[in-house]
Amino acid sequence: MNPDPNARELLDLLRESREYTQYFAELGVEIIALPSDRVKAESSKSLRGPLVVEHSTPRIRPSGSEASQPPVIAPIASNPPQPTSLFSGLTATQTATLQSTERIEDVWRDIGDCTRCGLCEGRTQVVNTFGNHKARLMFVGEAPGADEDAQGKPFVGRAGQLLTKIIEAIGMKREDVLIGNVNRCRPPGNRQPTLEEAAICRPFLFREIAAVQPDVIVVMGNTALRNLLEVREGITRVRGKFQDFRGIKVMPTFHPAYLLRDPSKKRETWEDLKKVRDYLDNLPPRTP
């Protein structure tokens, strides 16, 4: 029996409302006022600035007497400038481009035994991107879970097993692709990474993308979507439609962990991945 179209539309609206509420909560917003149309338009413009992609400055774990010294915190300006981008206020110092001469191993060496955010305190190990360093297809998720934290590889738990089946369904193997996450340390209780945690970690993902130059990136779930592409819409709204990240095709789709909770979304995910397969099949072979 087909569901009532009106009921389905209402459920979609409720899902989107929940996503927006969670998103603004992460930004620290407690009250959302209803502005005039003029203010709405100005606010909308201010949220559509260019995404600034930048390197993260490596921080060395202190030792000896330095470890006991408190961190130096710069004073906050009384009238700080408003960012032109949702993420521009959280970026670091050196802009990254996709014309990179780095190897992916150079990025990992820079990451090291990372202590750049508080997630380092509860993790077992850093979980770096894994797979084919010359892959044409890359998958990006949110953050490691318990299995990934224990084994040091992304997507090795139940969600990872489902991802493997998805990859095989489009005629590829795990060793053919590259798999990673926005964050490399497991958040406590598998919670969603905060905006600050993601902003500290994602420059390394951008550098990996620049080093590998995949033809297509599949972003799985809202966290990966919003950290790779500057969009406010949830995955339900944009899935199945190719996006662009600096000349690279990006396909948003559901996270495998979400598919485990709602198997009915597997059909939509399959449709998304068939578009990826067809796009890759029509590309000319890469020159060595």
Side-chain angles (χ1 to χ4, degrees), residues 8-9 11-29 32 44 47-48 51 53 85-88 90 117 119 127 129 138-145 148 154-155 157-160 162-163 166 179-203 205-206 209 216-245 248-273 275-276:
R8 183 164 186 170
E9 182 178 359
L11 288 173
D12 287 340
L13 289 172
L14 289 172
R15 187 181 298 110
E16 291 295 326
S17 298
R18 182 175 59 187
E19 290 172 354
Y20 274 111
T21 301
Q22 182 179 11
Y23 179 62
F24 283 113
E26 292 171 359
L27 289 173
V29 176
I32 302 177
S44 176
L47 292 174
R48 286 200 292 263
L51 173 62
V53 181
S85 157
L86 286 175
F87 304 125
S88 60
L90 298 174
C117 79
L119 291 182
V127 181
T129 302
M138 182 176 186
F139 291 84
V140 177
E142 179 177 294
E148 291 75 19
F155 285 90
R158 289 183 63 221
L162 179 55
L163 177 59
I166 291 172
I179 304 173
N181 286 298
V182 173
N183 277 80
R184 292 159 199 266
C185 296
R186 181 194 180 196
N190 288 352
R191 65 163 171 77
Q192 186 180 35
T194 66
L195 289 176
E196 182 180 7
E197 290 162 353
I200 290 171
C201 208
R202 69 169 174 260
L205 173 65
F206 297 160
I209 293 171
V216 180
I217 303 171
V218 176
V219 289
M220 302 176 291
N222 285 323
T223 298
L225 169 67
R226 288 168 177 161
N227 277 280
L228 194 67
L229 306 173
E230 190 175 359
V231 297
R232 290 179 293 165
E233 292 83 2
I235 199 76
T236 304
R237 288 285 182 88
V238 300
R239 56 142 292 273
K241 304 170 186 175
F242 273 117
Q243 311 290 317
D244 179 83
F245 177 74
I248 296 176
K249 290 283 188 181
V250 176
M251 173 59 73
T253 194
F254 296 113
H255 194 287
Y258 179 69
L259 299 180
L260 292 174
R261 298 193 299 270
D262 186 357
S264 68
K265 298 299 182 183
K266 288 183 179 180
R267 179 177 295 276
E268 294 173 56
T269 303
W270 171 235
E271 294 299 324
D272 301 342
L273 268 294
K275 294 177 182 178
V276 171

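We're numbering straight along the sequence, starting at 1. Everything quoted here is computed from the prediction, not taken from an experiment.
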To the nearest 0.5 Å, tell me how far Arg267 CZ sits from Leu259 CG.
-> 13.0 Å
Can you find a heavy atom in the side chain of Val276 that is under 4.5 Å from one in the side chain of Val218?
-> yes
What's the verdict on side-chain contact (heavy atoms from CB on, under 4.5 Å) for Val238 and Leu225, showing C-alpha distance, side-chain angles and the deciding distance?
-> CA-CA 9 Å; Val238 300; Leu225 169 67; 3.5 Å; yes
Of all heavy-atom pairs linking Val182 and Ala198, the shortest is CG1-CB, 4.0 Å
Taking all heavy atoms of Pro193 and all of Thr223, pick out the closest pair and write down the distance.
-> CD-CG2, 4.4 Å
Please report the closest heavy-atom contact between Pro252 and Ile235, naming both atoms and the distance.
-> CB-CD1, 3.5 Å
Any side-chain heavy-atom pair of Phe254 and Thr236 under 4.5 Å = yes
If you measure from CZ on Arg239 to CD on Glu268, what distance do you get to the nearest 0.5 Å?
-> 4.5 Å
Under 3.5 Å: donor-acceptor pair, side chain of Arg226, backbone of Arg232 | yes
Of all heavy-atom pairs linking Asn227 and Phe206, the shortest is O-CZ, 3.3 Å
d(Met251 CE, Ile217 CD1) to nearest 0.5 Å is 12.5 Å
Could you tell me which non-hydrogen atom of Leu162 sits nearest to which non-hydrogen atom of Leu260, and how far apart they are?
-> CD2-CD2, 4.0 Å
State plainly whether the residues Arg191 and Glu197 are in salt-bridge range, i.e. N to O under 4.0 Å.
-> yes
Polar side-chain atom of Lys275 near backbone of Gly240 as donor-acceptor pair, under 3.5 Å = yes
So how far is it from Leu195 CG to Ile200 CD1, rounded to the nearest 0.5 Å?
-> 11.0 Å
Is there a side-chain contact between Gln192 and Pro187, using heavy atoms and a 4.5 Å cut-off?
-> no
With a 4.5 Å heavy-atom cut-off, do Leu205 and Arg184 have their side chains touching?
-> yes
Of all the heavy-atom pairs spanning Ala224 and Val140, show the shortest one and how long it is.
-> CB-O, 3.4 Å
With a 4.5 Å limit on heavy-atom distance, are the side chains of Ile209 and Leu228 in contact?
-> yes
Are the side chains of Asn181 and Phe155 in touch, meaning some heavy atoms are under 4.5 Å apart?
-> yes
Can you find a pair of side-chain heavy atoms, one from Thr253 and one from Met220, that are under 4.5 Å apart?
-> yes
d(Glu230 CD, Gln243 CD) to nearest 0.5 Å is 13.0 Å
Sidechain-backbone polar pair: Asp262 side chain, Tyr258 backbone, donor-acceptor under 3.5 Å | no
Inter-residue atom distance Leu273.CG - Lys266.NZ, 0.5 Å rounding | 13.0 Å
Note, Cys117 side chain near Glu196 side chain (heavy atom, < 4.5 Å) | no
